[in-house]
Asker: 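Mind having a look at this structure? Questions to follow.
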There are 2 protein chains.
Amino acid sequence: PLYDYIRDGAAIYRQSFATIRAEADLSGLPDDLKPVAVRVIHACGMVDAAKDLMFSADVGIAARRALRAGAAILCDSEMVAHGVTRARLPADNPVICTLRDPSVPALAGRIGNTRSAAALDLWGDRLDGAVVAIGNAPTALFYLLERIAAGGPKPAAVLGFPVGFVGAIESKDALAANPFGLPYLAIRGRRGGSAMAAAAVNALASDVE
Amino acid sequence: PLYDYIRDGAAIYRQSFATIRAEADLSGLPDDLKPVAVRVIHACGMVDAAKDLMFSADVGIAARRALRAGAAILCDSEMVAHGVTRARLPADNPVICTLRDPSVPALAGRIGNTRSAAALDLWGDRLDGAVVAIGNAPTALFYLLERIAAGGPKPAAVLGFPVGFVGAIESKDALAANPFGLPYLAIRGRRGGSAMAAAAVNALASDVE
C-alpha cells in the first residue's frame with residue numbers, strides 16, 4: 001500500500017489511550033477524573049491539557065450519578081451536541097442545544113446578551129439536575145452563573161470548556177470560584193472547545209474505553 | 001451585575017480578532033491565508049497554531065473559487081459539518097457528512113478500514129471539485145489520498161485537521177507531500193480538530209470578519 005497506517009478503529013483507540021497514559025501527568029487528578037482527562041486530551045491532541053484542568057472533588061460522582069438517572073445534557077453549541085456519542089449514554093439521555101431556536105435572536109436582544117447566552121433561557125426547568133456542557137461561548141457560562149445566582153434551577157454538574165480570547169479565562173475562573181456549590185470540571189485558560197466538552201461528557205457517560 | 005463581561009457578540013468578535021492579530025505571528029503566511037489563520041486560532045484559543053500551519057500556495061485561491069462556484073463541502077465528522085456557518089456560504093453550498101449512513105459499518109468491514117474512512121466511499125462523484133474538511137480522523141485523510149492515488153476524483157482543496165496520537169501527524173505530512181498537486185491547508189503535529197477544520201471553511205467561505 002502507498003501509505004502505512006493503522007486501519008483498525010479499536011486498535012487506534014487503544015494505542016491512542018496508551019500513548020496518553022504514558023505521556024500525560026495525571027497525578028494531580030482524583031482517580032475518577034483520570035479517564036475524563038484522558039478523553040479530553042484525546043480530543044485535542046495535547047497531553048499538557050491535564051495540568052490546566054480545574055475541578056470540584058464531587059464532579060465525577062455528581063455527573064455520573066445524574067447521567068445514570070437520565071439527566072438531560074444541555075449544550076451551548078450544536079458542535080458539542082453532535083460530539084456526544086449517543087451509544088455511550090446510560091439512560092438514553094436527551095441531548096439538547098437550543099441555539100438555533102427561532103426565538104433566540106429576539107431573546108438575545110431582549111436580555112442584552114449573545115445568542116449563546118439567550119439560548120439558555122429556553123432550557124427552562126430541564127436545567128434542574130442536568131449536566132451542562134459549554135464548549136464554545138464564555139457568555140453562556142457567565143449567564144448560567146448569573147441565572148443560578150438569581151435563584152434559577154441548578155444543574156447537577158457543569159463542564160466548562162469555552163474557548164478563546166474574550167471572557168473564556170474569566171468565565172471559567174468564575175465557574176471554579178462559584179459560591180453555589182456547583183460541581184464543575186473546566187480547563188483553565190484560553191483553550192477549550194466543543195470537542196473537549198463533548199469528550200468530557202462521553203467519558204462521564206460510560207466507563208468503556 | 002455579579003459578573004462584568006462583554007455581552008455584545010459583535011464586540012466580542014472584534015476584540016478577539018484584534019487580540020489574535022496583535023499576538024499571533026502571521027508573517028510566514030501569504031496574505032490570503034492570514035484571515036484563515038486568524039479564524040483557526042480563534043477556534044482553538046492558541047495563537048501559536050499559526051506557526052504549525054502547512055499549505056500550498058494555491059489553496060486560498062482554489063478553495064475560494066470552488067466555494068463561490070457552489071462546490072460541496074465534504075466533512076469527515078458531524079461536528080465539522082455542524083461547525084460550518086451556513087450564512088457565510090457564498091452559493092448555498094451543500095455541507096455533507098456521510099459518517100452516519102447506515103451502510104457505513106458494513107462498508108468499513110469490507111474495505112478493512114475505519115468507519116470514518118469508509119464514509120468517504122459514499123461521497124462518490126461529489127468529491128470532484130469539492131472542498132474537503134477533515135477535522136477528526138487521520139484514517140479518513142489517508143484513505144482520501146489513497147483513493148486519489150488510485151485515480152479517484154480530485155477535490156479542489158483539502159483542509160486537513162485530523163487530531164490525535166495515532167496517524168494525525170503522519171496523515172497531515174502525507175497531505176503536505178502529496179504528489180497529486182492537491183491544494184491543501186493543514187496543521188502540523190497532533191493538534192487539530194473539528195473546530196479548526198470548520199473555522200478554515202468559514203474563513204474561506206466569506207471575507208466578512
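Residue numbering restarts at 1 for every chain, and letters A, B, ... go by the order of the sequence lines.
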Asker: Can you tell me how far apart CZ (A/Arg7) and OG (B/Ser116) are? Round to the nearest 0.5 Å.
Answerer: 14.0 Å
Asker: Between B/Ser16 and chain A, with a heavy-atom cut-off of 4.5 Å, which part of the residue counts as in contact: side chain, backbone, both or neither?
Answerer: both
Asker: Relative to chain B, which segment of A/Thr19 carries a heavy atom at a distance below 4.5 Å: side chain, backbone, both, or neither?
Answerer: side chain
Asker: With side-chain contact (heavy atoms from CB on, under 4.5 Å) as the criterion, how do B/Arg190 and A/Met46 come out once you've worked through the C-alpha distance, each side chain's angles and the decisive distance to 0.1 Å?
Answerer: CA-CA 7 Å; B/Arg190 289 171 168 177; A/Met46 300 178 286; over 6 Å; no
Asker: Assess the residue pair B/Ile12 and A/Thr139 against the criterion (side-chain contact (heavy atoms from CB on, under 4.5 Å)); give the C-alpha distance rounded to whole Å, side-chain angles, the decisive distance to 0.1 Å, and a yes or no.
Answerer: CA-CA 10 Å; B/Ile12 292 168; A/Thr139 51; 3.6 Å; yes
Asker: Quick one: pull up NE2 in A/His82 and OG in B/Ser194 and give me the separation to the nearest 0.5 Å.
Answerer: 12.0 Å
Asker: Hey, what do you get for CZ (B/Phe165) to NE2 (A/His42), rounding to the nearest 0.5 Å?
Answerer: 7.5 Å
Asker: Report which part of A/Ala117 has an atom under 4.5 Å of a heavy atom belonging to chain B: side chain, backbone, both, or neither.
Answerer: neither
Asker: Need one label for A/Ile41: side chain, backbone, both or neither, based on atoms under 4.5 Å from any heavy atom in chain B.
Answerer: both
Asker: Considering only heavy atoms, which portion of B/Tyr143 lies under 4.5 Å from any heavy atom of chain A: side chain, backbone, both, or neither?
Answerer: both
Asker: Measure A/Ala108 against the heavy atoms of chain B and call it side chain, backbone, both or neither at under 4.5 Å.
Answerer: neither
Asker: Which region of B/Glu170, side chain (C-beta onward) or backbone (N, CA, C, O), has a non-hydrogen atom less than 4.5 Å from a non-hydrogen atom of chain A, or is it both or neither?
Answerer: neither
Asker: Identify the heavy atoms of B/Leu2 and A/Ala149 that sit nearest to each other, and give their distance.
Answerer: CD2-CB, 3.5 Å
Asker: Measure distances from B/Arg100 to the heavy atoms of chain A and classify the residue's part below 4.5 Å as side chain, backbone, both or neither.
Answerer: side chain
Asker: Nearest 0.5 Å, what's the OH-CD distance between B/Tyr5 and A/Glu146?
Answerer: 3.5 Å
Asker: Once you measure the plane-to-plane angle for A/Phe142 and B/Tyr3, does it fall in the parallel (<30°), tilted (30-60°) or perpendicular (>60°) bin?
Answerer: tilted
Asker: Heavy atoms only, distances under 4.5 angstrom: which of B/Gly167, B/Gly9, B/Cys44 has the most pairs with chain A? Name it, please.
Answerer: B/Cys44
